[in-house]
Amino acid sequence: MANKFVFKPNKIDELKDHYDVVIVGSGGAGLTSAIQAYELGLSPVILEKMDKIGGNTNRASSGMNAAETFVQLNHHIVDSFQEFYDETFIGGGKQNNPELLKFFTEHGALAIDWLDQHGLKLDDLTITGGMKTMRTHRPSSLMPIGGYLVTELLKYVEKYQIPLFDNVKVTDILSANGQVTGIKAESDREIEIKTSAVILATGGFGAGKDLLAQYRSDLLNLRTTNQPGATGDGIKLAQKLGAQLIDMEQVQVHPTVQQDTPHAYLIGEAVRGEGAILVNNNGTRFVNELDTRKNVTQAIDDLGGTGAYLIFDTDIRKRVKAVEFYDHVGLVKTGQTLSQLAAEIKVDANELEKTVSKWNQAVKFQQDSEFNRTTGMERDISDGPFFAIHIAPAVHYTMGGLKINNKTQVLNTDNKIIKGLFAAGEIAGGLHGNNRIGGNSIAETVVFGRQAGQQVYKYLH
């Protein structure tokens with residue numbers, strides 16, 4: 001058995017008082033930007049306020065979207081940047097920032113290549129809601145993407161000896177004459193670091209009750225899939241320097257979250273992408289399960305607060321490794337037959353059998369006359385035992401945040417660049433419009449994380 005990789009953050013007494021670039025946050029965007037900056041010859045430092053590395057990236061399960069990749073061609077899928085752009089634009093209510101979206105859709109394939117060069121093989125494909133083409137890349141082990149990405153990137157942080165400190169909370173970004181000059185932070189003591197560049201990679205505010213109260217008070221009673229550190233700190237830091245905010249009221253509610261336990265568990269879109277259906281308390285379908293998150297959430301809300309059940313079989317389960325974890329923590333109900341499963345979840349057995357039989361016919365003839373679903377129909381639900389997970393919507397992702405250009409430079413309220421301030425990942429707003437497509441957040445962290453590392457290098461030279 002290979003030794004499990006355990007990353008050890010640096011001890012606080014190793015912190016220096018000057019770095020070329022300070023990266024705030026240790027999720028996908030922070031780690032990617034640090035590695036990219038280091039490989040260009042810079043001396044970066046990563047500061048993480050929590051005692052756990054990886055932020056919300058750890059919780060990502062489905063995969064990473066990209067078009068025109070070598071992986072797609074290996075699977076005989078011919079895709080295009082334009083189709084990726086168009087589907088994301090439509091999925092975001094045509095409210096996406098076109099400049100960011102163009103850069104994003106045209107740099108996904110390079111990001112897949114970059115990960116491949118760093119030993120991260122995303123060589124399997126699935127599909128998520130709102131997409132017509134299989135472009136969600138994931139490891140062929142079918143491991144959840146987030147944990148895999150964080151672990152593998154941390155191996156490079158360790159190899160390159162990039163300093164990474166946890167339990168360090170940045171409290172201020174210092175500036176003079178309109179450009180960044182350093183940061184202040186606190187851990188067991190007050191810290192001041194001189195630097196000419198800061199990359200904010202602090203994530204969104206899905207767990208930040210104060211910002212949610214300000215922009216979306218209607219969602220305050222919902223639970224959240226976010227880790228407790230996702231409180232929008234980076235947004236507030238940049239605001240002090242005059243940064244412009246955009247789309248702050250655009251908060252995504254994820255439709256399939258198991259929350260009958262003290263911890264809310266996101267059930268990844270890949271479960272539906274591989275063939276699961278949703279049924280109501282009568283055991284009947286009520287929505288195209290792979291419509292956009294916004295539409296599926298609305299359909300579940302319209303059931304009146306009961307939530308819904310994901311229904312799938314052994315064949316589908318084998319395609320989504322995360323189900324083993326969901327089962328391990330007690331979220332999965334099992335029945336040897338559909339009628340046993342119906343008894344377990346207290347729905348009408350005849351109705352459930354009828355629903356599944358109808359769905360299996362839809363898969364057989366590739367024609368869903370009920371809800372016009374056209375994707376995630378590679379396998380039917382016939383291979384017992386059968387499984388169900390009770391789900392309901394929860395706050396998941398904040399599409400709004402700092403206004404950036406496609407060089408990841410943060411803009412002020414006059415649309416001017418704040419010199420030396422960069423942002424990547426969920427903290428930046430505008431890319432997703434009013435609805436984020438599954439698989440685009442991990443892609444955003446790598447595409448714009450790399451860009452931030454490159455643009456800081458350019459800025460300093």
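Here the structure is a predicted model, which is why all the values come from computation and not from measurement.
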Run the side chain to side chain contact (heavy atoms under 4.5 Å, CB included) test on Arg216 and Val253 for me, step by step, so that the C-alpha distance in whole Å, both residues' side-chain angles and the decisive distance to 0.1 Å come before the verdict.
CA-CA 11 Å; Arg216 286 301 299 273; Val253 174; 5.9 Å; no
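- Glu344 and Thr334 share no side-chain donor-acceptor pair at under 3.5 Å.
- Taking CG of Asn65 as the start and OG1 of Thr105 as the end, the distance is 11.0 Å to the nearest 0.5 Å.
- A salt bridge does not link Arg317 with Glu274: none of the charged nitrogens is closer than 4.0 Å to a carboxylate oxygen.
- With rounding to the nearest 0.5 Å, the separation of NZ in Lys209 from CG in Leu219 is 9.0 Å.
- Note on Glu158 versus Lys155: no salt bridge recorded, every NZ/NE/NH1/NH2 to OD/OE distance being 4.0 Å or above.
- Thr202 and Asp233 share no donor-acceptor pair across their side chains, judged by distance under 3.5 Å alone.
- When each of Thr151, Ile53, Val150 is checked for a side-chain contact (heavy atoms from CB on, under 4.5 Å) with Asn58, only Val150 meets the rule.
- One side chain, Gln298 or Asp302, offers a donor N or O that lies under 3.5 Å from an acceptor on the other.
- Aromatic ring orientation, Tyr309 versus His390: tilted (interplanar angle from 30° to 60°).
- Aromatic ring centres of Phe325 and Tyr265: separated by under 6.0 Å.
- Using a cut-off of 4.0 Å between Lys/Arg side-chain N and Asp/Glu carboxylate O, Arg135 and Glu87 are scored as salt-bridged.
- Ring-plane geometry between Tyr397 and His432 is classed as perpendicular, the angle between the planes exceeding 60 degrees on a 0 to 90 degree scale with a lower cut at 30.
- A donor-acceptor pair shorter than 3.5 Å cannot be found between the side chains of Gln36 and Tyr457.
- Lys346 and Asn281 share no donor-acceptor pair across their side chains, judged by distance under 3.5 Å alone.
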Report the C-alpha distance between Thr398 and Glu426 in whole Å, list the side-chain angles of each, state the deciding distance to 0.1 Å, and finish with yes or no for side-chain hydrogen bond (donor to acceptor under 3.5 Å, both in side chains).
CA-CA 7 Å; Thr398 50; Glu426 191 177 349; 3.1 Å; yes
